[in-house]
There are 2 protein chains.
Amino acid sequence: MGARETRQQIVDVADRLFYEQGFETTSFADIAASVGLSRGNFYYHFKTKDEILDAVIVQRVANTRSMLMAWEQEAVSPTECIRRFIRILIANRPKIMAYGCPVGTLCNELAKLKHVAKDDATGPFALFRDWLGRQFVRLGRKKDADALALHLLMRSQGIATLATAFGDVDFIDREVADMEAWLHSQRPASPNADSLQPA
Amino acid sequence: MGARETRQQIVDVADRLFYEQGFETTSFADIAASVGLSRGNFYYHFKTKDEILDAVIVQRVANTRSMLMAWEQEAVSPTECIRRFIRILIANRPKIMAYGCPVGTLCNELAKLKHVAKDDATGPFALFRDWLGRQFVRLGRKKDADALALHLLMRSQGIATLATAFGDVDFIDREVADMEAWLHSQRPASPNADSLQPA
DNA sequence: GTCTATAATCCGATAGAC
DNA sequence: GTCTATCGGATTATAGAC
């Protein structure tokens, strides 16, 4: 197998294990074993654990960016775009209930570790924030677009944390419905801003 | 020093370190050094790390319970009670921005570890949930009291996570104000339910 | 109740053969 | 590029002197 494929496998496995087990808990041996690699060979691809973390964060940011770009091209209205963000909680419900949000939990862990990559880990958050803000601008809420974006991000994080803690399957549904009701109560400043949205 | 005082010191230090560094990251040596105890003597008081975790959780639940009982006796109206809960975010802002919420971050960590104390760690959440639910019942919202309680808990968790991630000092103020506005928009079903509340 | 000494294990990381 | 072997250090935990 080529070095590039092996490296990609390592990043994919590390991405999953950092999410499911946490960054510090996941050892080189865990990743190597899950890839089917010897510990020794591992260091041919990554010199330190922090290098793997950087690679995982870079990949998450890239994946998030391309997902958001695709959503913006597929979904016609800003309201529909925002709704797609909200529905992440439904689409990923099983994993969220087991492990929380990949971004939020990693940020929390790295903050406690005072890790150098602490700020880099917020990258996906920053992308969501900018993208959601852009949707609210399109909705005619230019003045408070960023605050509204942070508000939605805040809600999704709170829902993820409580869903993990309580393991209540109905809770996510209820709060997602409440978020969508909130979204539709946000009246656009200019009446035609979301004219393409159905009904 | 007596065994009880030493044990109490260990629990206090462990409580702080589990919060600031995380549970797994904190070693026996860390706790022992911070108390000023040798590693060997440590095992006289606690046999395993899980025993310390249990003691920390028990103490947190006890502290939360007495805090909520005191609030209920001091604050006259349910609205004022709920507002005290919301204001936790202001009172603990510096620590929250550095380390997040002690309960939420511990629950997240233990969930990833599939730790046996995973469910016990939600104890303070359950207390807040019941207590907030009781306030909403007093407000005349008996039917959806629990959902409203979870909604407030959810918001406080989301605010804590984003405050830690972005380090934005104004964000907490803005969202706390929004929470209080939300609270006052929750009309009581029976008009005199919150009659003791000032203005 | 407190200490030193130490066992057993696992960690991240390196060296070197193939 | 992959392997085995291993180092130095940190970890949880125990035994036993004082």
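Chain naming here is simple, since letters A, B, ... match the order of the sequence lines and numbering starts at 1 in each.
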Exercise. Could A:Arg60 and A:Phe18 be counted as a cation-pi pair, given that NZ or CZ must be under 6.0 Å from the ring centre and within 45° of the axis?
Worked result: no
From CD of A:Glu51 across to P of C:dG12 the rounded distance in Å is 14 Å
Looking only at D:dT2, C:dT2, C:dA13, the nucleotide nearest the A:Thr48 side chain is C:dA13
Side-chain atoms of B:Leu37 come closest, of C:dG1, D:dT2, C:dC3, to C:dC3
Atom NE2 of A:His45 and atom P of C:dG12 are separated, to the nearest Å, by 17 Å
Whole-Å distance, A:Phe42 CZ to C:dG12 P, equals 9 Å
- How are the rings of A:Tyr99 and A:Tyr19 set relative to one another: parallel (under 30°), tilted (30 to 60°) or perpendicular (over 60°)? perpendicular
Please work out which of the three classes, parallel, tilted or perpendicular, describes the rings of A:Phe136 and A:Trp182, given edges at 30° and 60°. perpendicular
Q.
Would you say B:Tyr43 places a side-chain N or O within less than 4.0 Å of OP1 or OP2 belonging to D:dT14?
A. no
Kindly give the atom pairs (protein nitrogen or oxygen, nucleotide nitrogen or oxygen) under 3.5 Å for nucleotides 4-11 of chain C.
residue	atom	partner	partner atom	Å
C:dC11	OP1	A:Ser27	OG	3.3

| request: Look at B:Lys112 together with A:Glu109 and state whether they make a salt bridge at an N to O cut-off of under 4.0 Å. | output: no
- Within the 6.0 Å centroid threshold, strictly below: B:Phe46 and B:Phe28: no
note: B:Asp50, atom CG; D:dT12, atom P; distance rounded to Å ~ 11 Å
Under 4.0 Å between a side-chain N/O of A:Tyr44 and OP1 or OP2 of D:dT2, yes or no?
no
Here the distance between atom P of D:dG1 and atom NZ of A:Lys47, to the nearest Å, is 12 Å
In short, salt bridge (Lys or Arg N to Asp or Glu O under 4.0 Å) pairs touching residues 89-108 of chain B with sequence neighbours left out are B:Glu20-B:Lys95, B:Arg93-B:Asp173
